[in-house]
Chemist: 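A single structure is presented below for examination.
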Amino acid sequence: MTWTPGQPLTIASEHFVLRSLTAADVDDRMVGWFADREVMEHVALPMDVPRDELLRFVQGFDNKHTFLLGLQTREGRLVGFYRVWCYFQYGYAKTAVLVGDRDYWGKKTVLETRAVLLDFLFDGLGLHKATGAVYTRNHAAVFNYKAQGFRCEGILREQEPGRDGRWLDVYLFGLLRDEWKARKR
């Protein structure tokens with residue numbers, strides 16, 4: 001794969017494409033995801049974000065150290081996105097995913113797309129580790145992390161307030177490059 005830091009990024013899996021989002025991607029569907037309580041239940045992002053704030057959100061990623069990668073079908077339907085923060089001086093990346101289109105919940109969308117994202121982080125960027133944080137009550141995300149070999153490296157107790165006002169615990173997951181390579185063999 002040929003990619004220049006600062007330029008848009010595209011990574012393909014069998015059924016999906018991850019690509020840098022642009023202002024043109026901020027449409028009624030995306031605004032709708034941020035207004036949907038069930039979509040946003042397990043995501044550490046604000047709800048009911050106006051279109052102009054979503055535009056600033058999308059434009060706030062530089063495709064060098066931070067990435068906002070749209071998760072779209074091969075046919076071009078945007079179904080979610082990944083946020084990635086790379087800390088090159090420390091050799092790791094933090095990742096987070098949102099699947100806003102309910103038609104793609106429970107269909108291994110994250111497993112397939114996170115696999116190619118991990119390949120990019122480890123092989124393309126030469127990072128040593130990938131991490132993610134998830135609310136402990138987000139059972140689907142916990143399952144996905146464990147299914148890909150991530151290990152729970154810690155629990156942050158009552159770390160963030162949930163949308164219902166109750167304090168939520170957060171699992172910290174990590175996966176080393178060598179663990180990912182061994183898993184793929």
Side-chain angles (χ1 to χ4, degrees), residues 1 8-61 63 66-85 93-121 124 130-150 152 160 162-164 168 170-171 173 175 180 183-184:
M1 172 213 294
L9 173 66
T10 300
I11 309 168
S13 70
E14 182 179 355
H15 300 103
F16 299 95
V17 174
L18 298 178
R19 63 167 180 80
S20 298
L21 288 180
T22 68
D25 294 305
V26 180
D27 60 7
D28 289 341
R29 287 184 44 144
M30 185 182 286
V31 172
W33 297 342
F34 280 80
D36 187 322
R37 189 165 203 74
E38 193 174 359
V39 168
M40 300 302 290
E41 180 68 22
H42 301 296
V43 181
L45 286 170
M47 281 194 64
D48 298 317
V49 178
R51 185 181 304 265
D52 62 325
E53 284 184 36
L54 278 179
L55 278 169
R56 283 193 296 280
F57 170 71
V58 168
Q59 293 166 339
F61 293 81
N63 291 320
T66 61
F67 300 85
L68 183 63
L69 300 174
L71 191 173
Q72 74 178 34
T73 65
R74 287 278 184 156
E75 296 76 35
R77 179 178 176 178
L78 188 64
V79 301
F81 57 82
Y82 281 89
R83 293 174 291 151
V84 180
W85 302 266
K94 290 188 338 187
T95 66
V97 62
L98 176 142
V99 178
D101 189 324
R102 294 173 191 226
D103 291 344
Y104 291 85
W105 288 7
K107 300 204 170 134
K108 299 186 179 180
T109 302
V110 172
L111 294 176
E112 179 180 331
T113 56
R114 187 185 284 134
V116 295
L117 178 59
L118 290 169
D119 286 341
F120 171 71
L121 295 174
T131 67
V134 61
Y135 297 138
T136 57
R137 69 181 186 187
N138 187 346
H139 304 294
V142 171
F143 173 85
N144 285 337
Y145 277 116
K146 289 181 176 180
Q148 287 187 298
F150 281 79
C152 183
E160 296 181 12
R163 300 204 191 278
D164 59 7
L168 301 176
V170 174
Y171 285 136
F173 282 98
L175 179 68
W180 179 242
R183 188 170 195 83
K184 288 181 64 175

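Just the heavy atoms: all of them, side chains too, but no hydrogens, waters or symmetry mates, feed the values below.
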Chemist: Okay, side chain of Asn144, backbone of Ala147: is any donor-acceptor separation there less than 3.5 Å?
Modeler: no
Chemist: Taking all atoms of both residues into account, what is the closest heavy-atom pair of Leu18 and Thr113, and its distance?
Modeler: CD1-O, 3.7 Å
Chemist: Give a yes-or-no answer on whether the side chains of Tyr135 and Glu160 include a donor-acceptor pair shorter than 3.5 Å.
Modeler: yes
Chemist: Report yes if the side chains of Leu98 and Met30 come closer than 4.5 Å at any heavy-atom pair, otherwise no.
Modeler: no
Chemist: May I ask you to decide if the ring planes of Phe34 and Phe57 are parallel, tilted or perpendicular, using 30° and 60° as cut-offs?
Modeler: perpendicular
Chemist: Asp28: which residues meet the side-chain hydrogen bond (donor to acceptor under 3.5 Å, both in side chains) condition with it, sequence neighbours left out?
Modeler: Arg51
Chemist: Could you check whether any side-chain N or O of Glu112 sits under 3.5 Å from a backbone N or O of His15, counting only pairs where one atom can act as donor and the other as acceptor?
Modeler: yes
Chemist: Do the non-hydrogen side-chain atoms of Thr10 and Val17 ever get within less than 4.5 Å of each other?
Modeler: yes
Chemist: Quick check: do Leu117 and Val84 have side-chain heavy atoms less than 4.5 Å from each other?
Modeler: yes
Chemist: Mark yes or no for whether Arg114, through its side chain, and Gln148, through its backbone, hold a donor-acceptor pair below 3.5 Å.
Modeler: no
Chemist: Could you work out, with ring-ring contact (aromatic ring centres under 6.0 Å, His included) as the rule, every residue matching Tyr145, not counting sequence neighbours?
Modeler: Phe150, Phe173
Chemist: Determine, for Asp103 against Arg29, whether the closest basic-nitrogen to carboxylate-oxygen distance falls under 4.0 angstrom.
Modeler: no
Chemist: I'd like to check the salt bridge (Lys or Arg N to Asp or Glu O under 4.0 Å) partners of Asp119; sequence neighbours left out, ordered by chain and number.
Modeler: Lys184
Chemist: Shortest non-hydrogen contact from Arg137 to Asp164?
Modeler: NH1-OD2, 3.5 Å
